[in-house]
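Data first, discussion second: the structure below is written as structure tokens.
None of these values were measured; they are calculated from a predicted model.
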Amino acid sequence: MTAAILAFILVLAIGAPVAVVMAISGVAGVYELGGERLVGIIADRMFSGVSGYMLIAVPYFIFTAELMNQGGLTQKLIAFNNALFGRVRGALSHVNVTVSLFFAGLTGAAITDTVAIGKIMIPEMKKQGYDAEYAAAITACSSIIGPIIPPSVVMVVYATLLRDVSVIDLFAGGIVPGILMTVALLATSIVLAWRRGYPKQAPTPLKMALLAFFSALPAMLVPLIILGGILSGMTTITEASGFAAVYAILIGMLFYRNLTLAKVAQALVTTVKFSGVVFFLLATSAVLGWFVTRSGVAREAASLITSLSDVAFVQILLVCLLLIVIGTVMDVLPALVVIGPVVVPAMVSLGFDPLHFAIVMIVTLNIANVTPPVGMTLMTAARIAQVPYEKAILASLPFYTAFILVVVLLAGFPALSTWIPSLLD
């Protein structure tokens with residue numbers, strides 16, 4: 001185990017990609033366990049890590065999201081949400097949150113949400129008198145709802161990597177936490193808008209509101225089609241993801257008429273790039289995960305947690321704190337594949353429900369995605385808003401506090417994560 005830890009630290013210190021770090025540390029650990037006798041298993045582990053049939057859904061979900069971006073869906077969703085909140089003080093702030101809720105069912109990735117919505121909403125918010133750092137903060141914080149509301153690439157990766165819960169249960173389990181995060185952001189947004197006197201907008205006439213609704217409706221049906229097919233048992237997750245991509249092409253070309261063959265080609269290029277990163281991470285994490293299982297690290301982690309506290313609520317909060325610390329220096333997927341094989345078996349052995357902990361872990365790692373010093377979504381939003389990253393960090397603190405309260409609720413009340421999945425049994 002010493003060789004794996006040293007290799008992990010040294011390779012990470014020189015700035016190598018996380019997938020390379022995991023590959024080299026995994027090889028070092030495997031060699032330490034069994035020498036050359038076990039090295040031959042590495043290729044087999046890497047292949048098995050990416051050969052799951054369910055993983056075909058990952059590029060399809062990414063492709064669907066890119067098609068929606070290229071097809072001008074974001075503007076339709078913003079127009080519809082603007083019609084809902086036009087006369088409320090701080091309308092654009094609330095629109096930023098609610099449009100992320102709708103958009104979350106299409107992207108499943110926070111950074112995609114940040115870029116797609118931020119490029120439109122942040123300049124408009126600045127134009128109407130909102131502080132630039134506030135516009136960046138609300139955009140970044142609302143974007144992390146994306147990987148919580150199904151469908152979610154992170155959840156597909158989790159189910160493939162750890163295999164202690166099904167992706168269907170994860171999708172169902174993310175619905176209530178995603179709504180709670182949205183409500184927490186909206187409540188914070190409303191309070192800040194009134195305290196700072198952010199502007200109202202003119203109310204939208206009923207006819208225009210209805211036009212905005214019907215214009216956005218075909219796009220809003222995408223997550224309903226995906227979830228309806230999966231949760232009803234009519235389709236597998238892979239079949240649903242493929243159907244969603246075909247549907248996105250059809251409505252983009254025939255209904256919205258903004259999607260061209262050139263834009264489809266661009267969406268394919270982006271999909272291949274992002275999918276390559278995800279699959280390389282999974283392949284290398286399979287080697288490290290196998291080593292972690294054989295070395296007994298998970299048992300040691302469980303012993304360490306119980307030595308700190310024997311109260312379940314305190315134990316899960318301590319692990320959440322660890323996840324946030326790790327998430328400050330790693331993006332969500334790398335952090336998940338590095339820490340998941342160690343922490344998840346340890347928590348399950350302590351008696352935690354696998355689905356409950358899975359949802360808490362996914363939510364916490366995504367919150368860490370707006371936590372400095374890395375905080376990729378917040379950093380991206382700050383660049384779009386053209387403000388110093390430090391100002392965006394300060395502006396995000398009220399929203400961050402609201403998210404922490406949601407994590408505490410989820411940690412203390414497992415039913416918030418397990419209730420909907422239990423209805424499907």
Side-chain angles (χ1 to χ4, degrees), residues 61 64-65 68 77 81 84 94-114 116-117 138-159 165-189 219-228 230-231 237 240 244 320 323 327 332-333 336 355-370 377 399-400 402-424:
F61 282 140
T64 302
M68 290 300 187
L77 290 177
N81 283 272
L84 294 178
H94 315 325
V95 168
N96 205 319
V97 176
T98 53
V99 79
S100 288
L101 176 64
F102 287 107
F103 206 68
L106 306 173
T107 62
I111 196 71
T112 305
D113 194 328
T114 301
I117 294 175
I138 189 68
T139 301
C141 290
S142 63
S143 295
I144 65 172
I145 299 171
I148 312 302
I149 295 286
S152 165
V153 171
V154 176
M155 289 179 178
V156 175
V157 171
Y158 185 103
V165 291
S166 72
V167 71
I168 296 176
D169 284 343
L170 286 172
F171 277 11
I175 294 173
V176 172
I179 292 173
L180 282 176
M181 293 173 74
T182 305
V183 171
L185 281 181
L186 274 177
T188 308
S189 173
M220 291 191 292
L221 288 177
V222 175
L224 295 179
I225 291 170
I226 296 172
L227 288 180
I230 295 171
L231 299 182
I237 180 175
C320 287
L323 294 173
V332 177
L333 282 179
L336 177 63
L355 175 59
H356 171 224
F357 182 71
I359 296 298
V360 171
M361 182 175 185
I362 291 170
V363 170
T364 306
L365 283 176
N366 277 284
I367 291 173
N369 206 15
V370 291
T377 56
F399 304 111
Y400 193 83
F403 279 153
I404 295 299
L405 293 176
V406 172
V407 170
V408 172
L409 276 175
L410 295 175
F413 299 95
L416 293 173
S417 305
T418 60
W419 174 60
I420 293 182
S422 69
L423 299 178
L424 304 177

Beyond-backbone contact of [X] with [Y], side-chain heavy atoms, under 4.5 angstrom:
X    : Y    : answer
F403 : N366 : no
I149 : M181 : no
M155 : I168 : no
P177 : V406 : no
I367 : F399 : no
L365 : V154 : no

Can you tell me how far apart [atom1] ([X]) and [atom2] ([Y]) are? Round to the nearest 0.5 Å.
X    : Y    : atom1 : atom2 : result
L180 : I175 : CG    : CD1   : 12.0 Å
L185 : C141 : CG    : SG    : 6.5 Å
Y400 : L405 : OH    : CG    : 12.0 Å
I148 : I145 : CD1   : CD1   : 9.0 Å

Looking at [X] and [Y], what are the two nearest heavy atoms and their distance?
X    : Y    : value
V165 : A358 : CG2-CB, 4.3 Å
S417 : I359 : OG-CG2, 3.5 Å
T188 : A402 : OG1-CB, 3.5 Å
G173 : P421 : N-CG, 3.5 Å
T139 : S142 : O-OG, 3.1 Å
V360 : C320 : CG1-SG, 3.4 Å

> Between H356 and T418, is any side-chain donor less than 3.5 angstrom from a side-chain acceptor?
Replying inline: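 H356 vs T418: no donor-acceptor pair found between side chains.
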>> Strictly distance-based, threshold 3.5 Å: is any side-chain N or O of T98 a donor or acceptor partner for the main-chain N or O of H94?
In response: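 Yes: the side chain of T98 pairs with the backbone of H94.
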